There are 4 protein chains.
Amino acid sequence: MVDRRIRKTRDALAEAVLALAAERDFASVTVADITRRAGIGYATFFRHYPGKDELLADVADLLIDELLGLMLPAFLADDTAGASLALCRFVDARRPICRALLAGGAEGRIRGEMIRRASARALALDLPQPTGLPATLIIAHAVSSITAMLGWWLEQGETMPAEVMAAVLDRLALAPIRSGG
Amino acid sequence: MVDRRIRKTRDALAEAVLALAAERDFASVTVADITRRAGIGYATFFRHYPGKDELLADVADLLIDELLGLMLPAFLADDTAGASLALCRFVDARRPICRALLAGGAEGRIRGEMIRRASARALALDLPQPTGLPATLIIAHAVSSITAMLGWWLEQGETMPAEVMAAVLDRLALAPIRSGG
Amino acid sequence: MVDRRIRKTRDALAEAVLALAAERDFASVTVADITRRAGIGYATFFRHYPGKDELLADVADLLIDELLGLMLPAFLADDTAGASLALCRFVDARRPICRALLAGGAEGRIRGEMIRRASARALALDLPQPTGLPATLIIAHAVSSITAMLGWWLEQGETMPAEVMAAVLDRLALAPIRSGG
Amino acid sequence: MVDRRIRKTRDALAEAVLALAAERDFASVTVADITRRAGIGYATFFRHYPGKDELLADVADLLIDELLGLMLPAFLADDTAGASLALCRFVDARRPICRALLAGGAEGRIRGEMIRRASARALALDLPQPTGLPATLIIAHAVSSITAMLGWWLEQGETMPAEVMAAVLDRLALAPIRSGG
DNA sequence: CTCTAATCGAGACGGTACGTCGCGTCTTACG
DNA sequence: CGTAAGACGCGACGTACCGTCTCGATTAGAG
């Protein structure tokens with residue numbers, strides 16, 4: 001169905017871009033760096049992606065979708081603590097890739113993409129706003145705060161357990177959304 | 001004391017970079033764009049700044065310092081609502097420049113710079129951590145959440161008054177830092 | 001074997017640099033002038049040559065080699081008159097290119113290159129020095145005198161036939177090397 | 001008469017340009033190099049000379065005039081050997097400056113200037129051409145050959161006495177002009 | 001098992017922006 | 001109040017990447 005060569009090339013690109021984004025500022029990573037690392041031809045890159053940003057987005061998309069799918073149910077059930085915990089365990093189990101996406105120079109793009117996708121989902125669900133605040137504002141707050149704190153967490157090494165981090169996340173970023181009002 | 005020509009050139013550069021950062025993605029702004037807008041020679045730019053990022057940082061620094069100086073007293077007095085209000089009024093009174101810094105493509109850099117400076121100040125003050133959480137984590141959360149929400153606010157036009165925004169900011173980002181524990 | 005695109009680009013560059021060197025002072029010719037004339041991209045130039053001097057040298061090299069190959073046999077056979085005549089006819093048949101190389105601002109570089117190559121050849125041949133003078137001195141004299149006179153000749157237009165010029169060349173520059181001693 | 005300060009500045013410039021021309025390629029010497037070396041202000045340079053070429057020309061002019069004045073009498077008296085000897089002794093007595101002018105990157109300009117001035121003198125004198133050859137051609141030959149050989153000589157260090165060099169010069173460059181015909 | 005079309009590597013190319021350097025002019029702070 | 005110091009506009013330089021393109025060589029998967 002899908003040519004095996006294509007899959008192989010894309011996998012190599014994904015691995016390469018993550019490795020490079022993890023080890024230095026994403027803006028300074030060039031397409032040639034990626035292709036060299038992936039062991040593929042320079043022009044071949046553009047047969048798959050229009051640019052490095054799109055490659056990164058493609059790599060991140062799966063993760064973001066998975067993550068949102070994981071958090072939304074708990075969040076909608078007002079179980080912000082559960083959502084936080086699910087999130088932190090998810091991230092903890094994928095430290096290298098999350099580190100690449102959240103603690104490198106790519107963070108800005110990732111956050112933007114997450115806000116976009118979360119807003120789209122919220123719009124599609126047409127959820128009620130018990131807090132009386134615009135959904136896009138809440139999302140901007142939640143996503144920004146969470147990605148910032150996760151980035152901080154991942155930069156600390158393995159010093160703080162997922163459960164503790166989840167509690168912090170919940171207390172500072174998620175619970176305030178529900179409480180009060 | 002300082003050559004008048006130098007001041008004039010720097011002022012022109014500051015004005016130009018703000019105008020350009022406001023009207024489109026900062027990453028797509030070139031040094032040539034800035035110098036053209038400022039009416040100065042291309043090479044002259046580099047006699048003042050190593051690159052456009054540094055120019056932006058220089059422009060933002062004053063604002064950031066002023067802003068931190070404004071918020072800190074209220075924040076340290078546990079008056080997060082007062083700090084929020086001071087912040088929103090400050091921003092409201094400087095919409096164009098804040099919009100350029102927070103709602104354009106420059107947002108990532110500005111946030112990074114703010115986190116850096118705020119962390120430095122916190123370290124210098126050696127403030128007690130009543131919440132038991134690391135200062136750098138709190139700052140990452142607060143700065144990220146606040147800049148994200150302020151960016152959202154500035155993008156909405158003048159639809160929401162500063163007082164309302166301040167309440168939101170306080171409830172979602174600042175108050176949670178103090179409360180609980 | 002050699003990429004056809006490369007050959008095409010180099011040919012275009014060679015044509016362009018000769019045309020420009022012929023019509024004005026070589027020092028005032030810029031790389032951009034050359035690439036514009038050749039119809040190639042500016043950066044492409046540097047994929048082929050480190051600078052305009054090297055391009056000119058490359059263009060001149062073929063000619064110089066051919067010319068040295070033409071003169072040496074007669075010269076070594078003590079037939080300086082024959083060598084002069086061969087030289088003048090050779091130049092006469094290639095007036096435009098020789099004019100570009102000898103009567104423009106490129107003259108200094110060309111002379112230097114000729115001295116270098118001729119010295120290398122002389123060294124390789126390890127020829128006896130019947131005159132008792134160092135080969136490099138003789139070469140400096142011969143090349144300088146000849147290029148100067150040829151430059152003068154080419155600037156006069158077609159007023160003096162090759163045979164006459166050859167006689168002058170022989171009498172002033174070449175014959176004195178052999179005679180006496 | 002002439003402001004002493006002006007003379008002092010010019011002398012400093014002359015000294016500086018000669019020193020720099022001697023120690024490296026003249027084309028790579030910048031005006032800032034010269035002024036730094038001379039210990040004068042950058043802008044001051046342009047109050048005295050339009051550019052570094054003109055400074056060099058000014059410095060060389062005196063020498064060239066002196067030299068031509070020295071050689072001409074002997075040359076016009078058909079005493080080419082005497083002219084050669086006068087020349088070589090003159091140069092030998094001023095090795096550093098001559099080296100700077102003849103063996104550095106300035107050689108091309110100096111030769112051009114010498115040809116120009118010698119041609120002007122020849123034209124002014126309206127001397128008969130016993131050889132039947134155009135004066136400008138002879139001058140081109142003589143000046144080029146001589147400067148080339150002197151450059152070679154100066155580069156050898158002090159290995160060859162002026163008298164020997166003069167004999168070579170006479171035999172290869174000057175005598176052939178007179179002899180034959 | 002073959003053949004045919006898609007995919008690949010390699011890398012030349014036209015561009016755009018960069019940051020540097022030197023020039024020659026013009027202003028300005030300072031002695 | 002003149003002058004050195006140096007900021008400035010200008011323009012060429014050489015570099016780095018981008019995204020497009022043309023080559024053959026290889027290889028997958030349909031017939």
Side-chain angles (χ1 to χ4, degrees), chain A residues 1-10 12 27-36 38-54, chain B residues 1-10 12 27-36 38-52 54, chain C residues 1-10 12 27-36 38-52 54, chain D residues 5 9 27-36 38-47 49-54:
Chain A
M1 220 293 0
V2 175
D3 198 318
R4 256 172 294 169
R5 289 170 296 180
I6 293 180
R7 176 141 310 272
K8 217 176 121 189
T9 298
R10 299 220 171 148
S28 80
V29 173
T30 72
V31 173
D33 290 334
I34 298 172
T35 57
R36 226 175 347 247
I40 69 165
Y42 176 74
T44 303
F45 179 93
F46 298 97
R47 293 184 183 115
H48 295 274
Y49 298 100
K52 60 176 175 159
D53 288 17
E54 286 79 6
Chain B
M1 154 40 301
V2 175
D3 198 319
R4 253 173 292 169
R5 289 170 295 179
I6 295 180
R7 177 143 311 271
K8 218 177 123 189
T9 298
R10 299 230 168 134
S28 79
V29 174
T30 70
V31 174
D33 290 335
I34 298 172
T35 56
R36 219 169 357 237
I40 67 162
Y42 177 77
T44 302
F45 179 93
F46 299 98
R47 293 186 180 117
H48 294 273
Y49 298 100
K52 57 177 175 154
E54 287 78 7
Chain C
M1 95 128 264
V2 175
D3 199 320
R4 256 171 296 168
R5 291 170 295 178
I6 295 180
R7 177 141 311 273
K8 220 177 120 188
T9 297
R10 299 230 167 133
S28 78
V29 173
T30 71
V31 174
D33 289 336
I34 298 172
T35 57
R36 215 168 307 133
I40 69 164
Y42 177 75
T44 301
F45 180 93
F46 299 97
R47 293 186 181 113
H48 295 273
Y49 299 99
K52 58 179 176 153
E54 286 78 6
Chain D
R5 287 170 301 179
T9 299
S28 80
V29 173
T30 71
V31 174
D33 290 335
I34 299 171
T35 56
R36 228 176 345 249
I40 67 164
Y42 177 75
T44 305
F45 178 92
F46 298 98
R47 286 185 233 279
Y49 298 100
K52 59 176 174 157
D53 288 18
E54 286 78 6

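Computed from a prediction, not measured in an experiment: that's the story for all the values here. No hydrogens, no waters, no symmetry mates; every other heavy atom, side chains included, goes into these values. Order of the sequence lines fixes the chain letters, A, B, ..., with proteins taken first and strands second; residue numbering starts at 1 for each chain.
Residues meeting the side chain to side chain contact (heavy atoms under 4.5 Å, CB included) test with B/A43, sequence neighbours left out: none. B/R36 pairs by the side chain to side chain contact (heavy atoms under 4.5 Å, CB included) definition with B/A32, B/D33, not counting sequence neighbours. Scored by the salt bridge (charged side-chain N to carboxylate O under 4.0 Å, His left out) test, B/R47 finds no partners at all (sequence neighbours excluded). By the side chain to side chain contact (heavy atoms under 4.5 Å, CB included) test, A/A12 is found to be paired with A/A38, residues two or more places apart in sequence or in another chain being considered.
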Residue pair C/I6, C/H48: steps toward the side chain to side chain contact (heavy atoms under 4.5 Å, CB included) verdict:
CA-CA 8 Å; C/I6 295 180; C/H48 295 273; 3.8 Å; yes
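Axis deviation across the helix from E/dC1-F/dG31 to E/dG31-F/dC1 amounts to 30°, comparing end segments of five pairs, rounded to 10 degrees.
Rounding to the nearest 0.5 angstrom, the gap separating the CD1 atom in A/I40 from the CZ atom in A/F45 is 7.5 Å. The CZ atom of C/R5 sits 14.0 Å away from the CZ atom of C/R7 when rounded to the nearest 0.5 Å.
Distance, A/I34 CD1 to F/dC17 C1': 12 Å, rounded to whole Å. For C/E54 and F/dC13, the CD to C1' distance is 13 Å, given to the nearest whole Å. Rounded to a whole Å, the CZ atom of B/R5 is 13 Å from the C1' atom of F/dG9. As a whole-Å value, the separation of C/R7 CZ from F/dC23 C1' is 17 Å. One interatomic measurement links the two molecules: CD1 of C/I6 to P of E/dA10, which rounds to 16 Å at whole-angstrom precision. Between the CG atom of B/D3 and the P atom of E/dA29 there is a distance of 5 Å, given to the nearest Å. Separating the CZ atom of B/R36 from the P atom of F/dC10 is a distance of 12 Å, rounded to the nearest angstrom.
Relative orientation of the B/Y42 and B/F46 rings is perpendicular, given thresholds of 30° and 60° on the angle between their planes.
Looking at residues 40-48 of chain C, you'll see C/I40, C/G41, C/A43, C/T44, C/R47, C/H48 sit with a heavy atom under 4.0 Å from some atom of DNA chain E.
Taking only side-chain nitrogens and oxygens, A/T9 comes nearer than 4.0 Å to OP1 or OP2 of E/dC8. For B/R4 and E/dA29, the shortest distance from a side-chain N or O to OP1 or OP2 is below 4.0 Å.
Between B/R10 and A/K52, it is B/R10 whose nearest contact on DNA chain F lies nearer the 5' terminus. Judged by closest nucleotide on DNA chain F, B/K8 is the one of B/K8 and C/V31 placed further toward the 5' end.
Using a 4.0 Å heavy-atom criterion, one finds that D/G39 contacts no nucleic acid atom at all.
The side-chain heavy atoms of A/T44 and A/T35, taken from C-beta on, include no pair separated by under 4.5 Å.
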